[in-house]
There are 2 protein chains.
Amino acid sequence: MGVLERVAPRRKKAAAVNSVEANRLLRGDCIAHMASLPDACIDMIFADPPYNLQLGGDLNRPDGSHVDAVTDDWDKFDSFGAYDRFTKSWLKEARRILKPNGTIWVIGSYHNIFRVGTALQDEGFWILNDIIWRKANPMPNFRGTRFTNAHETLIWASQGEDSKYTFNYKAMKTLNDELQMRSDWVLPICGGQERLKKGGHKVHPTQKPEALLYRVMLACTKPGDIVLDPFFGTGTTGAVARRLGRQWIGIERQEDYIEAALERIEAALPLDESALSIMQSPRQQPKVAFGTLVETGYIAPGAVLTDIKRRWRATVRADGSLTMGAEGASIHKMGATLQGAPSCNGWTFWHYEATDGLKPIDALRQTYILATEP
Amino acid sequence: MGVLERVAPRRKKAAAVNSVEANRLLRGDCIAHMASLPDACIDMIFADPPYNLQLGGDLNRPDGSHVDAVTDDWDKFDSFGAYDRFTKSWLKEARRILKPNGTIWVIGSYHNIFRVGTALQDEGFWILNDIIWRKANPMPNFRGTRFTNAHETLIWASQGEDSKYTFNYKAMKTLNDELQMRSDWVLPICGGQERLKKGGHKVHPTQKPEALLYRVMLACTKPGDIVLDPFFGTGTTGAVARRLGRQWIGIERQEDYIEAALERIEAALPLDESALSIMQSPRQQPKVAFGTLVETGYIAPGAVLTDIKRRWRATVRADGSLTMGAEGASIHKMGATLQGAPSCNGWTFWHYEATDGLKPIDALRQTYILATEP
DNA sequence: CGTTTTGCTGAATCTGACC
DNA sequence: TGGTCAGATTCAGCAAAAC
């Protein structure tokens, strides 16, 4: 290793990302428009692709052309094939414009979601979760021939197995009353005031509820991130993005949807910063070493720590290590060794004798953080 | 179109079906054994193929205990291509031996279900529903890196668009307290007495709960129908078939599974009414998180909440947490902290300013439940 | 003997910073 | 780029043990 390399500060290799103008709507075909965007410029893609497949007599190919009859196998194969080609095309562009650590969400039903999921995997995306939107008030099955179709499926995927995607774990947990957010989400369908109508008719047949996009964006983006929706429709993605302080790009072909979308986004009020902030995971909080607490007098050298059941006792040394006689180790190592475990969080394992009982040393750390926070 | 085709009388072709010996277990490879069965001899196929999980290293719980994961060879495939070839092979045979009006069920997770669904469609099967098995007690996500994987997906498909499949609509409606059975089923995972163990260890890593098979068979077969399970495992399909008066054929390769399965089926007695009621899951009160009210717009981020005496004021944040400056916490935790109490019911502690005075946020929850209940 | 507490476990693609 | 190590991380159901 040369001298220069040793002297030069070790810098994390920045993922090559590009910038792009956001908060705008692109009129026209989604594949063509995506193709015009630079590589690695999008933080999240939310896609609600068409799945007008096998809906009976009136069948259109994704490219708009009409399929005559659907009564024989050839046509079925043809329509699946066409749909797969369409899916691969837009996914390829999506993958290119998505940042290395960006993620993609796609929503669909059993008509198309299996083909979309397969295509995602084939293109190299790494599926992180499939999410079930369990509809609180679905349309009943009028003919009594099947189960009530009461859900839709979303797929959440990263660029690859090792990508460092955004997941606001703590915010999701808080949103769910201090329980981990699960892969099944109970949310009402879009109706009432939220449902866009014109002349008494709904503007878009499958308008998604803002609550769905709210959760998706809160979970997987940071404020300021750019969210692209290649099948923008009436702009739910844009409206929620604006409300949550995210940037958005929408692509839409149909003029009446565009009109409704722009009007709607204009009316969406951004939240102010305090309302926008969310619960942070400790991971994102300042890191404090146990030794710092010793140095700053939060715990004295010579103090005795025990586990919750007082089975083991260890003494704090001046450098922040623990000792049980001759041996010394970090709070984590010592805890792991004693339990015969591969690892151990010393902050929660070790306790000190406070005036009101045994408390984990993590409480001291919290006190330290609160006292030293700006 | 030729003349002969027009002249020939259009006669509904009688479904040509064959008979086969049932209530037996075939030892060995599922594709080879299916190939040995005659055409159109099976009424329903239930398949729980390998999920192709591709797990990495070991996983430990936060308390250090080890997660006993699926490490069996039968779940290992080299690539998606290899998995797809395997899937197509067994589905081809499945389609051949299934009667024209028979149906197939396949269960999987996001690792494999999209590939299975695509293959089903490509082979010509007609998807009738995708069903979500919403697990009442899933394994949590220990690392806090994703959403808790709390469901599995089942696909129900017929031989084609026009096949006259069996669907016991009324039975399903009765099972669901006189409401149409939905596409999301809440059922516990297999545990307790039902879980087969030997020497303290589970016999099969992924034993399915009988309640799941019970609902599937009750919905889509008639008494006396023949149900084939090509991935028989420890024979849940066989046990439930016997209890429900259906016939069964199982195919399994692994001798220890076979032994457990035969013993189990032997012990399965036809279900009496008291046992039947146990199989049914109790309808549970919908649980609403405070965050859901924020997502759905029942209360806006930035809104101010107070206690009944207006001694404390807190602001609602985007993730449903409350803040009084820098600190954030859930409605319950914040209430407890302020009062110096060990716990607090945030729903009744916190109030919002309504047009007709101060009201507990629990009123909003009631409104939400009333609006979204089916 | 009834009630409460403690312990175990389940189809899981489960870390990240630094050297 | 692989090795090392600090440190962050869990919910519901059931069963066995303790009270």
Side-chain angles (χ1 to χ4, degrees), chain A residues 1 6 10-13 121 125-130 157-158 160-162 164-165 167 169-170 173 176-183 281-285 287-291 309 320 329-333 335-336 342-349 362 365, chain B residues 48-72 74-77 80 107-113 133 135-153 186-195 197 200-202 204-209 233 284:
Chain A
M1 193 179 278
R6 293 190 62 103
R10 177 71 63 142
R11 201 174 47 191
K12 193 177 209 170
K13 194 163 147 192
Q121 290 177 317
F125 286 103
W126 186 254
I127 297 181
L128 298 165
N129 276 118
D130 59 335
S158 67
E161 190 174 354
D162 298 321
K164 309 293 176 217
Y165 55 89
F167 179 57
Y169 173 73
K170 197 73 198 314
K173 194 171 173 179
N176 195 34
D177 273 0
E178 299 300 328
L179 289 179
Q180 284 192 340
M181 186 66 80
R182 300 167 38 120
S183 58
S281 297
R283 206 173 278 149
Q284 291 148 279
Q285 286 176 356
K287 204 154 125 187
V288 179
F290 182 64
K309 291 184 180 166
S330 73
I331 55 171
H332 311 291
K333 263 243 163 97
S343 68
C344 165
N345 180 353
W347 291 107
T348 53
F349 179 78
D362 195 40
R365 179 169 60 159
Chain B
D48 181 13
Y51 285 13
N52 192 24
L53 286 184
Q54 305 185 3
L55 300 177
D58 282 5
L59 180 65
N60 294 301
R61 296 187 177 77
D63 65 7
S65 63
H66 184 253
V67 174
D68 186 12
V70 178
T71 51
D72 306 67
W74 50 252
D75 198 49
K76 293 185 178 17
F77 292 84
F80 283 132
I107 182 168
S109 68
Y110 67 84
H111 310 86
N112 70 324
I113 199 65
W133 168 25
K135 297 181 186 180
N137 46 348
M139 174 136 56
N141 181 290
F142 300 116
R143 291 301 179 95
T145 54
R146 303 181 182 188
F147 300 96
T148 302
N149 200 3
H151 73 275
E152 290 188 27
T153 301
V186 182
L187 296 171
I189 57 176
C190 181
Q193 296 298 321
E194 190 185 325
R195 187 85 194 208
K197 297 198 174 175
H201 296 290
K202 48 192 179 187
H204 194 284
T206 69
Q207 186 183 337
K208 295 293 172 289
Q284 51 182 27

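The chains referred to below are lettered A, B, ... by the order of the sequence lines, with proteins before strands, and numbering in each begins at 1.
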- Task: Can you tell me the distance, in whole Å, between the NZ atom of A/K164 and the C1' atom of C/dA17?
- Result: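 Taking NZ of A/K164 and C1' of C/dA17, I get 10 Å after rounding.
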- Separation of B/Q207 atom CD from D/dC14 atom P, in whole Å?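 For the pair B/Q207 CD and D/dC14 P, the rounded distance is 15 Å.
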Tell me what [X] touches on the nucleic acid: a base, only sugar-phosphate, or nothing, going by heavy atoms under 4.0 Å.
X      : value
B/D48  : base
A/L128 : nothing
B/G191 : nothing
B/S109 : nothing
B/G200 : nothing
B/W133 : nothing

Are any protein N/O atoms closer than 3.5 Å to N/O atoms in nucleotides 16-19 of chain D? If there are, list each pair with its distance.
none

- For DNA chain D, write out the stems as range with range, using runs of 3 or more consecutive Watson-Crick or G-U pairs with both distances under 3.5 Å.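 Result, WC/G-U stems under 3.5 Å: C:2-10 with D:11-19, C:15-19 with D:2-6.
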- Item | Nucleotide nearest A/K333 when distance is taken to its side chain, options D/dA6, C/dC14, C/dA11 |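 For A/K333, the side-chain atoms sit closest to D/dA6.
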- Qualifying residues under side chain to side chain donor-acceptor pair (under 3.5 Å), relative to B/D63, sequence neighbours excluded: B/S65
- Task: Do nucleotides 7-12 of chain D as a string where each nucleotide becomes B, S or -: B if the base has a protein heavy atom under 4.0 Å, S if just the sugar-phosphate does, - if no protein is that close.
- Result: BBBBBS
- Considering only heavy atoms from C-beta outward, does the side chain of B/N149 approach that of B/M139 to under 4.5 Å? no
Any N/O pairs under 3.5 Å between the protein and nucleotides 5-7 of chain C? List them or say none.
{"unit_1": "C/dG7", "atom_1": "OP1", "unit_2": "A/K309", "atom_2": "NZ", "d": "2.9"}

N/O donor-acceptor pairs under 3.5 Å from side chains in residues 49-59 of chain B, not counting sequence neighbours:
{"unit_1": "B/Y51", "atom_1": "OH", "unit_2": "B/E152", "atom_2": "OE1", "d": "2.5"}
{"unit_1": "B/N52", "atom_1": "OD1", "unit_2": "B/Q54", "atom_2": "NE2", "d": "3.3"}
{"unit_1": "B/D58", "atom_1": "OD2", "unit_2": "B/H66", "atom_2": "NE2", "d": "3.4"}

